[in-house]
Protein chains: 2
Amino acid sequence: MRILVVEDDDRVARGLLTALRHAGYEVHRVGTAAAALAAPPADVVLLDLGLPDADGLDVLRELRRRQGVAVITVTARGEERERVLGLRAGADDYVVKPFGTAELLARIEAVLRRTRTARASSESSRSLELGPLVLDAASRTVTLRDVPLSLTRKEFDLLALLVGRAGAVVSRDLIVDQVWQSHWEAPSRTLDTHIAALRGKLGDGVRIETIRGVGYRVTEA
Amino acid sequence: MRILVVEDDDRVARGLLTALRHAGYEVHRVGTAAAALAAPPADVVLLDLGLPDADGLDVLRELRRRQGVAVITVTARGEERERVLGLRAGADDYVVKPFGTAELLARIEAVLRRTRTARASSESSRSLELGPLVLDAASRTVTLRDVPLSLTRKEFDLLALLVGRAGAVVSRDLIVDQVWQSHWEAPSRTLDTHIAALRGKLGDGVRIETIRGVGYRVTEA
DNA sequence: CTTCGACGACGAGGATGCGCATGGCTGGTT
DNA sequence: AACCAGCCATGCGCATCCTCGTCGTCGAAG
């Protein structure tokens, strides 16, 4: 597993490299945004949002465009706005300075675990089918009986996850983990809302069953 | 087939090892509870409940937590209380000292026969079968003679546990431990209620026997 | 046969989890 | 600068499920 560290502070960077290499990763380090975009491909990018030569968010968006790379942002304490912007721009997770090695490694492993299936499937087929429903990951398009559907981002991610495990029950926890990163604790009706939206747009054609107390399951109608 | 013998008495242990090895089993022996839990995985554990360094029942419960291992308890004559407690804690069978080699081998084979299907299926697909009953863990679906059944959450968990150990007695305590975590103390008719619901939905086709004072056992009708 | 303990049947009460509608917020768009 | 689509939080209503008490019944032991 290769990790790219984008960090301008030499001291911080050196500590990171030592810890990560010690954990068995292959690590490269760059200090500028330009170098980050030019660096060899990695599986995970540790991105400091406080870079000198460019807005870290631009780097993040560009990295996000390249499929299959996971991004963890690094921000200084208190810069909550930066963190949120990072997540919205597509970061998979974040850590706040100062952070411990154990926490960082845990988050790296969690992100890798989350993105493994996505990465594996994105390298092989990239298109899912379930009866009259066809889902193309590359173009993020959905057709139902050859009629294109217009889904929002969350709706697409949610449907892709469910169709990817069609026939099996997908727990609410897992859905929140994958579609929304950072599993929030507070019970919320947000997931239900998106499920309802999907049911509305899919009409019949695909059934989304509720498994009370567990999660959801999609089956061919 | 690997057998783990947990026995502190050297003389008894030596006799067991000889007999079991002669019967063609691969046998390991430990003399303490701690060593038992640290030992390499086995298919059957012969557990002496009269251990010096810990309550044998604790060992039993921990072993039971590891799927696919069968446990036969060994107790001294007359310690009826121990035997019942052992069964309640999830033992598959028991022998009473002093016992003959023939009886022991017969019980081991019987236990292995009972648990084979459960072990094999748990390692391959996660779907359980018992005669006309098919239970799929991933989709949480149940069919009886190809007719889908609608079970509630507790009902499904309960049935899965029972079918997973089909043919063996599953103690009430163990059921409460697994299906409801945190064993409640107050005697309550909750478990009976769910058993009754299952019996109603399964009709014939599957028998759920009551073992008074111990637990339940499911068998093909 | 009697007695005792455990289980089965049943029926509320309460708890839980979900669907849905609404309103505020934010980032992107024209 | 104003607008708008998408997203998230909240609250209420409802259906379902779980729980638990009581009583009747049955099996086992003496």
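The sequence lines fix the lettering, A, B, ..., with proteins before strands; numbering per chain opens at 1.
- In this structure, Thr210(A) does not reach the dG17(C) phosphate: none of its side-chain N or O atoms is under 4.0 Å from OP1 or OP2.
- Nucleotide dC20(C) holds its P atom 11 Å from the CD1 atom of Ile208(A), rounded to whole Å.
- Here the nucleotide nearest the side chain of Arg212(A), chosen from dC7(D), dG8(C), dG17(C), is dG17(C).
- Side chain of Thr152(A), nearest nucleotide from dG6(D), dC20(D), dT10(D): dG6(D).
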message: Please determine whether salt bridge (Lys or Arg N to Asp or Glu O under 4.0 Å) holds for the pair Asp157(A) and Arg140(A), giving the CA-CA distance in whole Å, both sets of side-chain angles, and the decisive distance to 0.1 Å.
response: CA-CA 9 Å; Asp157(A) 293 341; Arg140(A) 294 184 70 86; 3.0 Å; yes
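- Taking 3.5 Å as the limit, the base of dC8(D) and the side chain of Thr193(A) contain no donor-acceptor pair of atoms between them.
- When the P atom of dC10(C) is taken as reference, atom CD1 of Ile195(B) falls 16 Å away, rounded to whole Å.
- Regarding Arg172(A), its CZ atom lies at a distance of 10 Å from the C1' atom of dG19(C), rounded to whole Å.
- Close to dC20(D), at under 4.0 Å from its OP1 or OP2, lies a side-chain N or O of Thr190(B).
- For the residue pair Ser139(B) / Asp136(B), a side-chain donor-acceptor distance below 3.5 Å is found, with atom types taken as modelled.
- The phosphate of dG17(C) has neither OP1 nor OP2 within less than 4.0 Å of any side-chain N or O from Tyr216(A).
- In this structure, Arg153(A) atom CZ and dC7(D) atom P are separated by 5 Å, rounded to whole Å.
- Atom NE2 of His194(B) is separated from atom P of dT16(D) by 17 Å (rounded to the nearest Å).
- If you take CZ of Arg199(B) and P of dC7(C), they are 11 Å apart, rounded to a whole angstrom.
- Minimum interatomic distance between Val163(A) and Leu130(A) (heavy atoms only, all atoms of both residues): CG1-CB, 4.1 Å.
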message: Quick one, Val169(B) with Tyr216(B), criterion side chain to side chain contact (heavy atoms under 4.5 Å, CB included). Give me CA distance, side-chain angles, the key distance, then yes/no.
response: CA-CA 6 Å; Val169(B) 176; Tyr216(B) 296 91; over 6 Å; no
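- Note: CG (Leu198(A)) to C1' (dG6(D)) measures 14 Å, nearest angstrom.
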field: Worked check of salt bridge (Lys or Arg N to Asp or Glu O under 4.0 Å) between Asp192(B) and Arg189(B)
entry: CA-CA 5 Å; Asp192(B) 310 70; Arg189(B) 305 263 62 76; 3.1 Å; yes
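- When rounded to the nearest whole Å, the span between CG of Leu151(B) and C1' of dT16(D) equals 15 Å.
- Between the side chain of Arg189(A) and the base of dT10(D), no donor-acceptor pair of N or O atoms lies under 3.5 Å.
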